[in-house]
Every structure is written in C-alpha cells, then in structure tokens.
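Here, residue 1 is the first one in the sequence, and each next residue gets the next number.
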Amino acid sequence: MKLLEKCKNIPLSCAETVKEKPMLGWAVFGIAMVAVFLLGLLAASITERRAEIATIYNNKKIEITGINPHNEQWGLNYPREYETWKKTREMDFHSKHLGNVPEDVLESRPAMVVLWAGYAFSRDYSAPRGHAYTLDDMRATLRTGTPVNGEGDLQPGTCWTCKSPDVPRLMQEKGIEEFYKAKWSAWGNEVVNPLGCADCHDPQTMNLTITRPALIEAFKRQGKDISEASPQEMRTLVCAQCHVEYYFKGDGKYLTFPWDKGMTVEAMEEYYDNVGFSDWTHALSKTPMLKAQHPDYEIFLLGTHGQRGLACADCHMPYVSEGGIKYSSHQVMSPLKNVASTCQTCHRDSEENLKKYVYDNQDKVLEIRNRVEAELSKAHILAKAAWDAGASKEEMADAQKLIRQAQWRWDFGVASHGASFHAPVETQRILAHSLDKSLLAQIELQKILFTHGVTETAMPDLTTKAKAQAYIGLDMNKLTNDKEQWIKTVVPQWLSEAKQAGRL
C-alpha cells in the first residue's frame, strides 16, 4: 500500500499528460508555431535592414575622398542624415529657458555688459542657433569686428576653428600653426561651408573621427590615446572637439585646452594662474580676467548622465526609424524638442513630468546666477570707484583676485550650454562659490573706499542693454552701422571669391 501511495505522487510524463489532456498539446503546438513565426519575421527584418544598409553604403552616388567640406555632396550618399542636418536651420522651438529661437542675451541680462567691459562680448552676445548657422552668426556678430584689407580684426584665425569643415582642410593645406596665427579676416574667403559631415566622419568608413588637433593634444598631455576610445565614447568626443573650454596660447594664438591639471573649474583656474594667463583686463576694475568659452564636455562628465556612460548623441541626436533603416537624427538641438525620442527612451514618466524636472533644476540654478550677475557687477563698479579715489595696486590686489575668481566661476557656469541640466548640483556649487567671492570682493572694496574717505558709491542705471553699454563707453550706433555696411560689402566679396575658386 505504501508503494502505491508513493507512485501516485510521481508526475506524469509529457506524453501521458497530452494523452489525458489533448487540448493542452494543441495549445503548446500553437504557441510554438507563433514563436517560430515571430522569430522568422525578426530574422527577415534584420536581414532586410542589413541588406538596405549595405545597398546604401555600396551604391554611393559619388565618391568622397579627403576632407570634403561640401555638405550637400555628402547628402547625395546619405540623404536621410543630410535632410535632418538641414533642419538645424529651423527656429521653431522655445523651452522655458531659450531654445533654437534667436535671443539677445545682453538685452535680457544687461548686467553682463558690465561684467565683460573692455571685452568684445560686451558688444554682442546672442543665444546660439543650429549648426547650419555657424558661419552666418560668426560673420554677423559684433565680436569679430569689421576688418578690411587686413586692418580692423578683433579676432585671430583661431576663432574659425569650430565653425566649418573648411578648417581641417585649411590646417592640412597651410599647416596648423599657420592657420591659428593668421588674422581672422585672412580666412574669410576660405571658410565658407557651415559645420557639417566632414567635421565628424571619415568619408571612407563613415566612422566617427577627430578632425581638430587640440583635443588629441589635450588627451596626449594627460597620457591618454584618443585613438583607443570606444564607439560610444566617440559619440561624445566628436562634440568635445568644440564644446569645451579653451584658450589661445602665446603670440601664435595656438588653440589649447587647459586640462593638464584636471577638468574641474578649480583645476583649470590653477592652470591659468600658473601660466599667468588672462583673456583681457577689465575696463572698470582693471582686473586680469578669464573668459570661459563653453565647457559643455567638462560639466557633462560631472553630471548624472555623463557618469552613467551616456553620450551627447544619445540625447541630442536621437535615433529615427524610416522604412527598414534606423539612423541618428542630425538635427542637433535640445532634447526637450522631442521628449518621446530622447528622455522617454529611458525614463518611464510623462512628458509633462520630465520637462518639469528639467525646469525645476534650471530655475534653481538661474536663481543663483541672477544673484551673481547683480553682485559681481557691483564689485566691478566699486573697484572703479576705488581706483578713482586713488587706491594703489597693492591695496587692490586681494579684491582683484576675488573678482577674477568670482567671474571665472560665474562664466564657467553660464557659458556652458545646458549646464543646469547636465550637472545641476555641480553648477549650483560653482555659482554659489562665485556669489560668495563676489560679496567678499565687495567687502574688501568697501574697506579700501572707506580708507580713502568714500562712504557712498552711486550705482549706475543698468536696467537695459543700451544703458549698460553707454555706461562702459561703447558707441553702439557706430559699431552697429559699421557692421551692417561691412556685411553688405565685404562678406559678398568673400563668398564671390570662394565660388570662383570652387570652394562654395
């Protein structure tokens, strides 16, 4: 009896189960057939996509060799990517804070005019537009001046570096050092194609490639070989060729990234202090100043997404599916333009909530930024009052050091495109330190003023860009009229010469 009871607990075999319950067998058979069918569809889809990709690559309409700066020719071979690149000319998106719509930043924040007194940025600073506008905006800005016949240049040739695929071509033809040390206007009829395909891609393999030497050189000085970067890392490094902090080294204006001691705001400040570098001397406070460019890469690495291995392209160049092809959109812009293709590929939350998270971070960062701009501009004005009262260099040394440190941190935080999203905690830390040093500078300057018998300093009216520019002594009517005339006369001549030479 015990043996029979044990046998009852032994499970039936599959065959016996099917005999007893035939419908279960048909169900298993049906599921298996559906699975096989779906796997077949997947295999066919993969094969079809691979075949279409191979067809596109192996049946190119033209052969592109060397450094070909003509984006439209690349577009013949890769029309999908090219069509999305052309959309960088669109100006239809405005988030809570900026977008791809033109905006005069100095008009919105006139205190910045005082912060950059004596520097070309006090003349003109507008929100950046898409890659297709790199050359239009470069020529139009008041920061490049109105050079004619080699006279009137405000910038060196180095300033063209990140604006066009004509740049690596020129570097190859003329030499890197020769390109940098020339006047900006020397390359006016040479740099004529906006930023595009050849800036990031090898024409033979279409692999991502580094075309600017400064990034390679910066890695090498840190003991790194950029050629060993992974494909995922390259999807950020091609952006880091340009979206970084840099300076023009020496009389040759050699483009250099100040990363030798590290990539934080403090490490780069130490680098600049050790080499005795300053971008300009402030017109009011007479302080040797640093101008941050756009340390996007450095700040991105310190944020949540950068530390988790994401690349710039993951969010700014989302994948698009068209027919059997999956490719990256080359309409490089804010991920908030299309949250479904960017944020929601990872974050399971509503578009409304995801945007709210971004705006909350931005609002908190910009609250500190606004305080800094108000207090730091006061420090420059108080410094001018101290000089006017007869203060000596020795008396002013500590206050000037604080002003330099405060403005470097402010500029580092605000010049970076998207810093308040890429690394909001780090950006708030940097701006908080800037505010602290701005207020400490004011205290030092109040002591100096009191010593020289000054008990009250009137603050100028800086409520508009025009008033701020008039305060620092800019003749904006002349600057604007000269620029408009220059654009009408010189730029068409540059473009005509480029067309005749086959460069455009």
- Message: Over 60° means perpendicular and under 30° means parallel, so tell me whether W187 and F179 are parallel, tilted or perpendicular.
- Response: parallel
- Would you say the side-chain atoms of D482 and T146 include a donor-acceptor pair closer than 3.5 Å? no
- Task: Please determine which of F121, F248, Y119 meets the ring pair (Phe, Tyr, Trp, His ring centres under 6.0 Å) test together with W280.
- Result: Y119
- Message: Looking at D251, I'd like to know if its CG atom is crowded, meaning that more than 12 non-hydrogen atoms belonging to other residues, nucleotides or ligands lie closer than 6.0 Å.
- Response: no
- In this structure, which one of Y247, F257, F412 forms a ring pair (Phe, Tyr, Trp, His ring centres under 6.0 Å) with Y272? Y247
- List in chain and number order the residues that pass side-chain hydrogen bond (donor to acceptor under 3.5 Å, both in side chains) with K488, two or more places apart in sequence or in another chain; answer none if no residue qualifies. none
- Message: Just checking H305 against F421, ring centres under 6.0 Å apart?
- Response: yes
- Short side-chain to backbone donor-acceptor contact, T88 and A132, under 3.5 Å: yes
- Message: Using the rule given for side-chain contact (heavy atoms from CB on, under 4.5 Å), can you reason through E190 versus R169, listing the C-alpha separation, both sets of side-chain angles and the distance that settles it, and then say yes or no?
- Response: CA-CA 10 Å; E190 291 273 3; R169 172 186 64 80; 3.1 Å; yes
- Take T264 and W259 through the test side-chain contact (heavy atoms from CB on, under 4.5 Å) and record every step on the way to the result. CA-CA 8 Å; T264 64; W259 296 347; over 6 Å; no
- Report the C-alpha separation of W410 and E373 in whole Å, then their side-chain angles, then the decisive distance to 0.1 Å, and conclude whether the side chain to side chain donor-acceptor pair (under 3.5 Å) test is met. CA-CA 8 Å; W410 161 77; E373 290 173 5; 3.0 Å; yes
- Query: Residues in salt bridge (Lys or Arg N to Asp or Glu O under 4.0 Å) with D124, at least two apart?
  - Reply: none
- Query: Which residues satisfy the side-chain hydrogen bond (donor to acceptor under 3.5 Å, both in side chains) test with K86, sequence neighbours excluded?
  - Reply: E83
- Message: Salt bridge check, K163 against D137: does any charged N sit closer than 4.0 Å to a carboxylate O?
- Response: no
- Message: Are W116 and Y125 an aromatic pair, judged by ring center distance below 6.0 Å?
- Response: yes
- Message: Quick check on D225: does its CG atom have over 12 non-hydrogen neighbours (other residues, nucleotides or ligands) under 6.0 Å away?
- Response: yes
- In sequence, state the C-alpha distance, the side-chain angles, and the governing distance for E217 and K220, and then conclude on salt bridge (Lys or Arg N to Asp or Glu O under 4.0 Å). CA-CA 5 Å; E217 293 162 353; K220 187 175 181 180; over 6 Å; no
